[in-house]
Amino acid sequence: SRILIDPDNGNIKGIEFKRYPTTNPDKSYKQCLAIGDVYVLAAHAVENAKLLLASGAARTSDQVGRNLMDHPYFLTWGLMPESVGAFRGPGTTSSIPSFRDGPFRQERAAFRTDIANWGWNVAAEAPNSTVAEFVNSGLFGSRLREEIGRTIPRQVRLGFLMEQLPNSKNRVRIDPRRYRDALDEPRPVIEYHLDEYTMAGIVEAKRISDAIYHKLGVVQATEYGPDKSGGYVKYGGTGYNYIGSGHLVGTHRMGWSADDSVVNTDMRTWDHRNLYLVGCGSMPTIGTSNPTLTMTALAYRATRSILKDLGG
């Protein structure tokens with residue numbers, strides 16, 4: 001719940017935490033203190049930033065919580081002329097990586113393309129929504145079964161994981177007066193939007209999707225609007241929907257200087273010599289790939305410095 005900072009040297013001298021029984025209806029807790037030689041925050045991008053902000057830690061650069069990034073997930077969907085075996089096998093069987101890099105990144109975002117194997121699931125809540133639509137149109141019994149069997153296996157969906165640039169206005173912050181949880185701790189407050197770089201990439205992704213569907217003879221079913229799930233944005237007079245991928249990075253960015261970053265290349269905070277921040281929050285950019293392997297590599301990098309601190 002709080003990082004304790006030694007005012008004399010800036011080192012961390014302890015971390016307070018609350019221990020509470022999950023079965024206790026009144027949510028009472030016991031205040032505890034963890035003391036060590038080296039401290040590591042590994043609560044991921046949002047909670048790491050929230051704890052630092054709530055504790056007044058790592059403040060020199062004013063970058064804690066800033067530069068929050070994700071992969072905005074842009075979807076298109078339609079019906080193939082024949083069955084593709086939707087909803088059989090794993091969720092994604094293949095992808096198109098060809099648009100992940102190139103000179104175009106000077107002007108617009110790159111993206112990685114998933115070829116989904118579970119029909120319109122996340123895009124239009126299929127198969128439940130498909131069944132409901134047929135039932136509401138008056139189908140039942142054998143006719144309902146036949147129509148489901150004819151339609152759902154033909155559902156196809158493309159998903160584009162969009163690159164996003166670091167932006168200090170995309171951030172995690174706290175507002176302790178207005179937003180607190182059941183343990184009286186500050187809740188994270190998220191500020192997030194898409195810039196023109198990412199939106200230009202979404203426009204290109206839609207153009208490529210249209211070309212692919214045209215070649216395959218796909219009947220488009222894609223619909224965007226403010227009443228659809230996910231975020232809704234307008235760009236160039238056209239509206240688009242996107243959802244989050246949950247690939248959150250960038251809230252305690254790594255860098256070369258305490259002036260514009262929170263941790264150094266070993267994930268050690270500039271302000272507190274015995275405090276490390278591991279996880280995707282240390283990543284300064286996101287690219288198009290899932291961040292897991294990069295996060296793991298950075299964690300291993302931090303351990304080398306931690307072991308050296310401990311004399312190992």
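The model shown is predicted, which means the values in this text are computed figures rather than measured ones.
The nearest pair of heavy atoms linking Ala54 to Pro186 is CB-CG, 4.2 Å. Across all their heavy atoms, Tyr235 and Val203 have their closest contact at CD2-CG2, 3.6 Å. When every heavy atom of Ser261 is checked against every heavy atom of Trp270, the shortest pair comes out as OG-NE1, 2.9 Å. For the residue pair Ile5 and Lys13, the shortest heavy atom distance occurs at O-CE, 3.9 Å. In terms of heavy-atom proximity, Ser305 sits nearest to Tyr276 at OG-OH, 2.7 Å. Here the closest heavy-atom approach between residue Ala86 and residue Gly119 is recorded as CB-N, 4.0 Å.
Note that CG of Leu161 is 8.5 Å distant from OG1 of Thr113, once rounded to the nearest 0.5 Å. The distance from atom CG of Leu33 to atom CG of Leu4, rounded to the nearest 0.5 Å, is 6.0 Å.
At least one donor-acceptor pair under 3.5 Å links the side chain of Asn9 to the backbone N or O of Asn11. A distance-only check finds a donor-acceptor pair linking the side chain of Arg154 to the backbone of Arg150 [under 3.5 Å]. Between the Asn67 side chain and the Gly250 main chain, no donor and acceptor come within less than 3.5 Å of each other. Checked by atom type and distance alone, the side chain of Asp70 never pairs as donor or acceptor with a backbone atom of Pro72 at under 3.5 Å. Under a 3.5 Å cut-off, the side chain of Tyr213 and the backbone N or O of Thr76 do form a donor-acceptor pair. Ser245 places a side-chain N or O within donor-acceptor distance of the main-chain N or O of His71, the cut-off being under 3.5 Å. Checking side-chain atoms of Asn48 against main-chain N and O of Ala43 turns up a donor-acceptor pair under 3.5 Å. The backbone N or O of Ile3 sits less than 3.5 Å from a side-chain atom of Ser55, completing a donor-acceptor pair. Between the side chain of Trp77 and the main chain of Ala221, a donor-acceptor pair closer than 3.5 Å is present. Although no hydrogens or angles enter the test, the distance criterion places a donor-acceptor pair under 3.5 Å between the side chain of Asn241 and the main chain of Gly231.
Residues Val249 and Leu277 fall within the same hydrophobic cluster, defined by Ile, Leu, Val, Met, Phe, Trp and Tyr side chains chained together at heavy-atom separations under 4.5 Å. Grouping the Ile, Leu, Val, Met, Phe, Trp and Tyr side chains by contacts below 4.5 angstrom, directly or via other members, places Met283 with Leu41. Linking Ile, Leu, Val, Met, Phe, Trp and Tyr whenever their side-chain heavy atoms come within less than 4.5 Å puts Val122 and Val218 in one cluster. Val46 and Val278 fall into different hydrophobic clusters, defined by Ile, Leu, Val, Met, Phe, Trp and Tyr side-chain heavy atoms under 4.5 Å apart, directly or through other members. Under the 4.5 Å side-chain contact rule for hydrophobic residues, Ile286 and Phe99 do not share a cluster.
A 4.5 Å side-chain heavy-atom check between Thr238 and Tyr240 finds at least one atom pair inside the cut-off. With contacts defined as side-chain heavy-atom distances shorter than 4.5 Å, the pair Leu75/Leu158 does not qualify. In this structure, the side chains of Asn170 and Met69 stay at 4.5 Å or more apart for every pair of heavy atoms. Using a 4.5 Å cut-off on side-chain heavy atoms (C-beta onward), Ile306 and Asp266 make no contact. Using a 4.5 Å cut-off on side-chain heavy atoms (C-beta onward), Arg253 and Ser282 make no contact. Residues Leu275 and Leu52 have side chains in contact (heavy-atom distance under 4.5 Å, counting atoms from C-beta outward). Using a 4.5 Å cut-off on side-chain heavy atoms (C-beta onward), Glu16 and Gln31 make contact. Within the 4.5 Å cutoff, side-chain heavy atoms of Thr251 are placed close to those of Leu68.
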Would you sort out whether Ile202 and Leu194 count as a side-chain contact (heavy atoms from CB on, under 4.5 Å), showing the intermediate values? CA-CA 10 Å; Ile202 286 178; Leu194 304 186; 4.1 Å; yes
Show the numbers, then the answer: is there a salt bridge (Lys or Arg N to Asp or Glu O under 4.0 Å) between Arg143 and Glu146? CA-CA 5 Å; Arg143 288 182 59 206; Glu146 289 171 6; over 6 Å; no
Please report the C-alpha distance between Arg66 and Ser61 in whole Å, then the side-chain angles of each, then the deciding distance to 0.1 Å, and finally whether the side-chain hydrogen bond (donor to acceptor under 3.5 Å, both in side chains) criterion is met. CA-CA 10 Å; Arg66 297 185 183 274; Ser61 65; over 6 Å; no
CA sep, side-chain torsions, deciding dist, call: Tyr197, Gln164, side-chain hydrogen bond (donor to acceptor under 3.5 Å, both in side chains): CA-CA 8 Å; Tyr197 182 80; Gln164 186 171 30; over 6 Å; no
Apply side-chain hydrogen bond (donor to acceptor under 3.5 Å, both in side chains) to the pair Thr60 and Asp271, showing each step before the final yes or no. CA-CA 7 Å; Thr60 296; Asp271 291 12; 2.9 Å; yes
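Using modelled atom types, one finds no donor on one side chain facing an acceptor on the other under 3.5 Å when comparing Thr198 with Arg108.
For the side chain to side chain donor-acceptor pair (under 3.5 Å) test, residues two or more places apart in sequence or in another chain that qualify with Arg173 are Glu191. Considering only residues two or more places apart in sequence or on other chains, Asp101 meets the side-chain contact (heavy atoms from CB on, under 4.5 Å) condition with Arg105. Partners of Glu107 by side-chain contact (heavy atoms from CB on, under 4.5 Å), not counting sequence neighbours: none found. For His272, there are no side chain to side chain donor-acceptor pair (under 3.5 Å) partners, not counting sequence neighbours. Taking the side-chain contact (heavy atoms from CB on, under 4.5 Å) definition, one finds that Ala205 meets it with Phe74, Phe111, Phe160, Met162, sequence neighbours left out.
In this structure, Glu125 places its CD atom where only 12 or fewer heavy-atom neighbours from other residues, nucleotides or ligands lie under 6.0 Å away. Other residues, nucleotides and ligands contribute over 12 non-hydrogen atoms within 6.0 Å of the NE2 atom of His193. Within 6.0 Å of CD on Glu223 lie no more than 12 heavy atoms contributed by other residues, nucleotides or ligands.
Ring orientation note: the planes of Tyr242 and Tyr192 are tilted relative to one another, at an angle of 30° to 60°.
The side-chain hydrogen bond (donor to acceptor under 3.5 Å, both in side chains) contacts involving residues 293-304 comprise nothing, where partners must be two or more places apart or lie in separate chains. For residues 29-54, the set of pairs meeting the salt bridge (Lys or Arg N to Asp or Glu O under 4.0 Å) definition, not counting sequence neighbours, comprises Glu47-Lys50. Residue pairs meeting the salt bridge (Lys or Arg N to Asp or Glu O under 4.0 Å) criterion with at least one partner in residues 82-92, sequence neighbours excluded, do not occur; the list is empty. For residues 109-121, every residue pair satisfying the salt bridge (Lys or Arg N to Asp or Glu O under 4.0 Å) rule, not counting sequence neighbours, is listed here: Arg112-Asp114. For residues 175-188, every residue pair satisfying the side-chain hydrogen bond (donor to acceptor under 3.5 Å, both in side chains) rule, not counting sequence neighbours, is listed here: Lys18-Glu185. Residue pairs meeting the side-chain hydrogen bond (donor to acceptor under 3.5 Å, both in side chains) criterion with at least one partner in residues 130-139, sequence neighbours excluded, are Thr130-Gln155.
When hydrophobic side chains of Ile, Leu, Val, Met, Phe, Trp and Tyr are connected at separations under 4.5 Å, Val131 ends up clustered with Phe87, Trp118, Phe134, Val135, Leu139, Leu144, Ile148, Ile152.
Using a 4.0 Å cut-off between charged nitrogen and carboxylate oxygen, Asp309 and Arg268 count as a salt-bridge pair.
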